[in-house]
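One structure is given here, and the rest of the page talks about it.
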Amino acid sequence: MKRVMKASCPLNCWDNCGFLVTVENDRVTKIEGDPDHPITKGKICGRGRMLETRTNSSDRLLYPLKKVNGRFEQISWEQALNEIAAKLSEVKEKYGTTSVLHSHDYSNNGILKNIDQRFFNCYGGVTEIYGSLCWGSGIEAQKWDFGNALSHEPHDLFNSKNIIIWGRNVARTNMHFYENLLKAKKQGAKLYVIDPLYNATAKMADEHITIKPGMDGILAAGVIKEILRLGLEDRAFIEEFTYGFSDLAHLLDGISLKKISEMTEVSAEVITMLARIYADKPSSTFMGLGMQRYKNGGNTIRLIDALAAVSGNVGIPGGGANYANLQVGQSFAFEELTLPNRRTDTRQFSIMKQAEKVLTAKGPEIRMIIVTCGNPLTQVPDSTMVERAFTSVETLVVIDQFMTDTAKLADYVLPATTAFEEEDFYYSSMYHHYVNYGPKLVQEAPGEAKSDLWIWTQLASLLGFGADFDFTRDEWLNMALKPLQEKGMTLESLKKNGTLELPVEKIPWQNRKFKTPTGKFEFTSILGQQKSGSGLLTLAVPDESKWSNQEHAEKYPYNLLTIHPLRSNHSQNYHLLGGQIKPKVEVAKNIAEDLGLIQGDEVRVWNDRGEIKGAISILPAAHPNTINIDEGIWRQFGGPVNNLTSSRESDNGLGSTLYDCLVNLEKI
Ligand SMILES: Nc1nc2c(c(=O)[nH]1)N[C@H]1C(S)=C(S)[C@@H](COP(=O)(O)OP(=O)(O)OC[C@H]3O[C@@H](n4cnc5c(=O)[nH]c(N)nc54)[C@H](O)[C@@H]3O)O[C@H]1N2
Ligand SMILES: Nc1nc2c(c(=O)[nH]1)N[C@H]1C(S)=C(S)[C@@H](COP(=O)(O)OP(=O)(O)OC[C@H]3O[C@@H](n4cnc5c(=O)[nH]c(N)nc54)[C@H](O)[C@@H]3O)O[C@H]1N2
Ligand code: SF4
Ligand SMILES: [Mo]
């Protein structure tokens with residue numbers, strides 16, 4: 001029998017698309033876009049379509065595996081769960097619960113993927129990771145400036161006169177926003193892209209502004225300086241609704257436009273042009289996540305926020321310093337789902353430094369690591385150290401759908417279901433504010449694959465807190481939706497419609513009531529002061545740059561970006577793409593010219609942390625001395641590129657410095 005059902009894309013992505021999935025004989029046979037979805041309107045990308053291949057792949061993990069004498073052996077669920085539960089009891093007894101590390105990321109946007117936290121809290125509280133490789137610096141920055149990280153609802157774009165895409169690879173990573181940009185442009189809006197790479201979004205822009213990687217904060221400072229020189233600032237907003245402006249003005253007095261131009265490698269004329277664009281309101285800014293993956297990443301986002309504020313583009317239709325939209329995730333009952341009060345002990349490692357901490361932690365040492373919804377060997381910086389750390393512990397458990405590079409290191413690998421084999425609802429706090437229902441479409445998962453929720457429930461029962469997991473799927477989903485029920489949003493209505501609009505503020509900060517300690521937009525952050533020093537904006541530069549370490553920059557003259565791949569969500573699709581996969585080393589034209597390289601040449605890219613080999617592809621319009629190698633590549637295909645990246649934390653401690661990475665390159 002053939003059925004076509006509404007469902008959702010589960011992938012960690014800006015778009016959170018609505019799907020129409022064809023199911024025949026208990027098998028997914030086709031995935032298309034749901035034309036009725038209010039935002040994604042029937043269009044989806046190849047990564048979404050490829051979920052059909054992922055689900056039906058003959059490479060799926062089908063049975064629990066245990067490593068015996070270096071080789072995986074199939075074992076029963078009973079044996080796997082009993083042995084893992086016994087190990088959890090043993091280490092709890094001997095060393096305390098924080099001798100267990102829960103390493104995870106967000107590869108699946110289902111709300112019930114958070115139940116792992118409930119498990120670890122009820123167990124007693126393990127070593128958890130904090131911060132984010134993805135968006136951590138920017139989120140914290142916006143909390144300091146505004147009190148929360150909020151974006152305008154997607155259609156407000158059409159109120160903008162000028163649209164500035166700052167460090168976001170829209171055409172590749174956020175396809176429905178791209179469609180809206182095309183439409184806004186047709187309706188007369190002007191589009192500017194600030195990015196070291198000339199990407200597909202830059203191609204349709206009125207102007208592409210290339211910049212030295214990591215220097216965007218300095219550029220924003222230059223634009224503010226010009227706005228002030230030209231008298232184009234929004235005085236009324238600054239005086240009534242902001243705090244700390246004189247500190248910012250003082251900072252800008254200390255640097256010349258000439259110096260800013262030299263540091264950013266953006267001409268003074270372009271900086272003045274941007275000042276006029278920002279003053280020609282409403283101008284909206286859409287920041288990507290790439291440009292905050294630097295040591296100075298938090299300060300960068302703060303200076304761009306400051307630019308939006310000085311030019312009077314905060315809280316107005318068509319304006320906004322759009323980065324993420326936390327009010328989406330904040331709509332659900334996380335405490336009730338995860339029970340943080342149940343833990344009696346806790347310890348935290350930053351996600352960036354998890355490997356180093358595993359290797360060095362005392363009181364207690366890490367004895368056991370459990371990985372869920374993540375592939376740290378490929379995705380976490382400094383892969384060499386990650387491998388050392390993850391193989392140093394007594395027991396490594398990985399729950400996944402495929403034998404990833406991380407799973408290969410494990411002592412136990414547990415086979416997980418895919419999104420179509422379990423019921424959940426999906427949300428993403430990145431672009432739009434709709435939540436999508438995802439029914440269980442396939443009744444019999446292949447082999448013995450089980451949902452994460454099932455695995456936690458079984459382990460909870462073996463460890464004596466089964467009662468905390470004794471709920472039906474409907475009960476769990478209702479629990480998550482509880483805060484919305486009084487607003488008329490119920491599980492029934494979600495199931496019926498397939499998607500629901502969350503009751504969020506569509507134009508944040510329109511009431512000018514900021515959630516900061518002063519209630520104002522803060523150029524000087526009180527929260528920043530409380531957490532780490534002065535809270536002042538600075539003119540900080542990346543850690544790996546000639547402005548911070550001349551000698552290092554001479555040894556490693558090129559900036560390495562490792563942006564998100566077109567055809568894969570991180571590491572999730574490479575093994576399904578077919579054909580010969582090999583790292584593509586994209587280099588700015590000047591590098592090829594300086595080193596006499598031509599398209600296709602084999603090269604080695606290296607720094608003190610590691611190396612990667614690949615074939616040259618020349619980028620004619622990229623910023624000089626810039627290289628890109630897409631992230632996510634498996635070892636068998638020549639990756640991971642995180643061999644080269646650093647595990648340093650960003651300025652505010654919560655973000656990564658994945659793109660703050662200098663390398664050298666030679667032909668082999
Ligand atoms: N195809 C695809 N789409 C995805 C994903 C995927 O893996 N594949 N992943 C999803 C996830 S989890 C995320 S977080 C988002 C990320 O979405 P984006 O933020 O759009 O993409 P990233 O690849 O993180 O960031 C790369 C962009 O930042 C630019 N950039 C890098 N350094 C700088 C800089 O110093 N200054 C400026 N101005 N720009 C800079 C790069 O040139 C590139 O255009 O994408 C989501 N969508
Ligand atoms: N160099 C470099 N590194 C990066 C980035 C970069 O730009 N450059 N980007 C960073 C960013 S933005 C992010 S968000 C992270 C992403 O890092 P990860 O989330 O670790 O990466 P993914 O490859 O999306 O997914 C990890 C694993 O989750 C598994 N998985 C999928 N669904 C489920 C499920 O339902 N249950 C379980 N148990 N497992 C599941 C997949 O099979 C996959 O093996 O990577 C970061 N790393
Ligand atoms: S990966 Fe993103 S754009 Fe592609 S189908 Fe899924 S949500 Fe949509
Ligand atoms: Mo991400």
Side-chain angles (χ1 to χ4, degrees), residues 8-19 31 33 40 43-49 51 54 104-110 113 116 132-135 165-170 172-176 193-197 199 201-202 209-216 219 287-294 300 371-376 378-381 398-402 404-407 414 416-419 422 424 426 428 430 451-452 455 542 559-573 622-623 626 628-632 640-642 644-645 656 658-661:
S8 176
C9 184
L11 292 172
N12 181 5
C13 176
W14 297 94
D15 294 61
N16 193 31
C17 291
F19 279 171
I31 301 172
T40 63
K43 293 206 172 141
I44 60 169
C45 78
R47 292 165 289 141
R49 278 207 177 82
L51 290 166
R54 258 185 89 82
H104 64 98
D105 213 309
Y106 297 97
S107 59
N108 176 312
N109 275 335
K113 294 296 153 181
D116 49 7
S132 163
L133 300 169
C134 174
W135 63 358
I165 306 294
W166 205 323
R168 185 143 142 193
N169 198 1
V170 181
R172 181 183 289 197
T173 65
N174 191 183
M175 65 178 282
H176 298 92
V193 169
I194 306 176
D195 201 303
L197 302 181
N199 52 34
T201 318
I209 297 149
T210 81
I211 181 166
K212 182 72 177 165
M215 291 297 182
D216 303 86
L219 175 61
M287 292 174 259
L289 313 185
M291 89 186 137
Q292 46 91 62
R293 297 191 190 114
Y294 291 83
T300 295
V371 179
T372 64
C373 291
N375 184 7
T378 320
Q379 297 308 124
V380 171
V398 173
I399 308 175
D400 207 307
Q401 298 146 349
F402 290 90
T404 63
D405 287 342
T406 308
L414 304 180
T417 48
T418 65
E422 64 173 316
D424 208 333
Y426 299 86
S428 164
M430 290 165 77
S451 69
D452 295 84
I455 297 170
N559 286 89
L560 176 70
L561 309 182
T562 52
I563 68 170
H564 294 196
L566 175 66
R567 295 174 67 205
S568 183
N569 230 56
H570 308 293
S571 67
Q572 294 202 44
N573 302 50
H623 200 79
T626 307
N628 175 58
I629 303 173
D630 287 354
E631 52 106 344
V641 78
N642 278 317
L644 293 156
T645 57
S656 67
L658 291 163
Y659 299 0
D660 193 336
C661 179

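Counting starts at 1 for both ligands and their atoms, following the listed order.
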Does [X] reach ligand 1 with a nitrogen or oxygen that is under 3.5 Å from one of the ligand's nitrogen or oxygen atoms?
X	value
Ile563	no
Arg168	no
Gly214	yes

Within reach of ligand 2, part of [X] (heavy-atom separation under 4.0 Å):
X	value
Arg54	side chain
Phe402	neither
Thr406	neither
Asn375	both
Val380	neither
Asn642	side chain

Residue Ile44 vicinity, atoms of ligand 3 by number, heavy atom under 4.0 Å: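 Selected atoms, number and element: 5 (S).
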How close does the nearest protein non-hydrogen atom get to [atom], and which residue and atom is it?
atom	result
atom 4 (Fe) of ligand 3	Cys45 SG, 2.3 Å
atom 2 (Fe) of ligand 3	Cys13 SG, 2.4 Å
atom 42 (O) of ligand 2	Asp400 OD1, 2.6 Å
atom 5 (C) of ligand 2	Leu658 CD1, 3.6 Å
atom 15 (C) of ligand 2	Asp105 OD2, 3.7 Å
atom 8 (Fe) of ligand 3	Cys17 SG, 2.2 Å

Within Cys9, is some N, O or S atom less than 2.8 Å away from atom 8 (Fe) of ligand 3?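 No.
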Determine whether the side chain, the backbone, both or neither of Cys45 has a heavy atom under 4.0 Å from any heavy atom of ligand 1.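 It is neither; nothing of Cys45 touches ligand 1.
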Which bit of Arg47 is near ligand 1, meaning a heavy atom under 4.0 Å away: side chain, backbone, both or neither?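 For Arg47, the contact with ligand 1 is made by the side chain alone.
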Per-atom contacts, ligand 1 versus Leu566 - under 4.0 Å to a heavy atom: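 Listed by number with element, the hits are 1 (N).
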Option whose closest heavy atom lies nearest to atom 13 (C) of ligand 1, chosen from Met287, Met215, Met175, His564: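 Answer by nearest heavy atom: His564.
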Tell me which one of Gln379, Gln401, His570 gets a heavy atom nearest to atom 47 (N) of ligand 2.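 That would be Gln379.
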Is there a heavy atom of Met430 sitting under 4.0 angstrom from any atom of ligand 1?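 Yes.
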Just heavy atoms, cut-off under 4.0 Å: does Asn16 contact ligand 3 by side chain, backbone, both, or neither?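 Near ligand 3, Asn16 shows its backbone, while the atoms from C-beta on stay back.
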Would you say Thr645 and ligand 2 have an N/O pair spaced under 3.5 Å apart?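 Between Thr645 and ligand 2, no N or O pair is found under 3.5 Å apart.
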